[in-house]
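Take a look at the structure below.
Quick note on labels: first sequence line is chain A, next is B, and so on, each numbered from 1.
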Protein chains: 2
Amino acid sequence: MSANSRLTIAAHALAWIGLYQRQGHEVATSEQIAASANTNPVVIRRLLGELRRAGLVESRRGVGAGWSLARELESITLLDVYEAVEPGPLFAMHRTAPDQGCVVGHGIQPAMQGIYEGIEETVRNELARVTLENVLQDVLAAPR
Amino acid sequence: MSANSRLTIAAHALAWIGLYQRQGHEVATSEQIAASANTNPVVIRRLLGELRRAGLVESRRGVGAGWSLARELESITLLDVYEAVEPGPLFAMHRTAPDQGCVVGHGIQPAMQGIYEGIEETVRNELARVTLENVLQDVLAAPR
DNA sequence: GCAGTCGTAACAGTCATGGTTGCAACAACC
DNA sequence: GGTTGTTGCAACCATGACTGTTACGACTGC
């Protein structure tokens, strides 16, 4: 389906801020993060704005402004990020309602709905098992 | 992410063909299926063409032509349909490669890759647990 | 040969996403 | 109080995936 990269970029930004703060800096700017992710600062600000609404990061304005973590990396899971950043369901129903006069058209949506909900639940469980601290450790463990 | 409905429509089509054949008919036309799914016959033909390439259905041409199942509904899982119909991964990486000179930019892709592969594997396992026969039974069990 | 259906190309419309520009709001610092 | 650097946000365009639609050739039973 060639999905979007929002979750990837959001995790990238959080790991970057976390590492930067551990190196003694107070805040990170969207421009620095954008340079690391090789994208536009506005894209980063948009994403971090959603993470702020979810209570994962904070921002300061004015000179010397930037972004900082609102919670420790250990306490943020990929599920937190996913819910902050991905609005819709993994699988979609018909665009237009199927023929309700047909047996299949009438019953297919509740049937698939139940299946899809189960799958989304297991995906959420998987995402909830990974913290951003795990991600950062994996990042640092990558071979040069 | 507001995904696509290809898997839903494909399952709808297969269940429809399966039920139709159990009612004594040999083949189903794309027009009949499109009427049930409330879409265009060409959309159905395109999808069923991908299912045919995967060996799930067969088609006949000429007068009295149409589509029939190549395997029993019991032996077709949603994973078979998913693989026939959804090409890409669930989650995408960065559009443009991140800065390899940055520690995070260098390590983030292998880190996320590993996580995503694990999640896709569990999704596949879930999909493999549901047969189209299960789906049809769920469809028929829907309250009127 | 006729009729009905598939097979497929071509194109427009919609939507999500990403990239870009521009500018107001804000706050530290001088 | 002015300057400066950064966020916040709106507006717009480009791209790509998917859907819907039309058109027409290919095929086959009658």
Is the backbone of [Y] close enough, under 3.5 Å, to the side chain of [X] for a donor and an acceptor to pair up by distance?
X	Y	answer
A:Gln32	A:Thr29	yes
B:Glu120	B:Leu90	yes
B:Arg6	B:Val85	yes
B:Glu74	B:Glu133	no
A:Gln21	A:Val27	no
B:Glu83	B:Val81	no
A:Glu86	A:Ala84	no
A:Asn38	B:Asp99	no

Is there a side-chain polar atom (N or O) of [X] under 4.0 Å from OP1 or OP2 of [N]?
X	N	value
B:Thr39	D:dT19	no
B:Ser5	D:dT19	yes
B:Arg6	D:dT19	yes
B:Asn4	D:dC18	yes
B:Arg95	D:dT15	no

Starting at atom [atom1] of [X], determine the distance to atom [atom2] of [N], rounded to an integer number of angstrom.
X	N	atom1	atom2	result
B:Arg52	C:dT5	CZ	P	17 Å
B:Ile33	C:dC6	CD1	P	8 Å
A:Ile44	D:dT6	CD1	P	15 Å
B:Glu86	D:dA17	CD	P	13 Å
B:Asn38	D:dG20	CG	C1'	12 Å
A:Trp67	D:dT6	CH2	P	14 Å

Proximity to DNA chain C (any heavy atom under 4.0 Å), residues of residues 10-32 of chain A only
none

More than 12 heavy atoms of other groups within 6.0 Å of B:Gln23 CD:
yes

Closest-nucleotide 5' rank along DNA chain C - winner of B:Arg46 and A:Arg46:
B:Arg46

Is the shortest side-chain heavy-atom distance between B:Tyr20 and B:Trp67 below 4.5 Å?
no

Would you say that A:Val130 contacts A:Thr77 through its side chain, given a criterion of any heavy-atom pair below 4.5 Å between the two side chains?
no

Tell me whether B:Tyr82 is reachable from A:Met112 by hopping between hydrophobic residues (I, L, V, M, F, W, Y) whose side-chain heavy atoms are closer than 4.5 Å.
yes

Which residues within residues 98-108 of chain B lie with some heavy atom under 4.0 Å of an atom in DNA chain D?
none

For nucleotides 21-30 of chain C, give me one character per nucleotide, 5' to 3': B if any protein heavy atom sits under 4.0 Å from the base, S if the only such contacts are to the sugar-phosphate, - if neither.
B---BBBB--

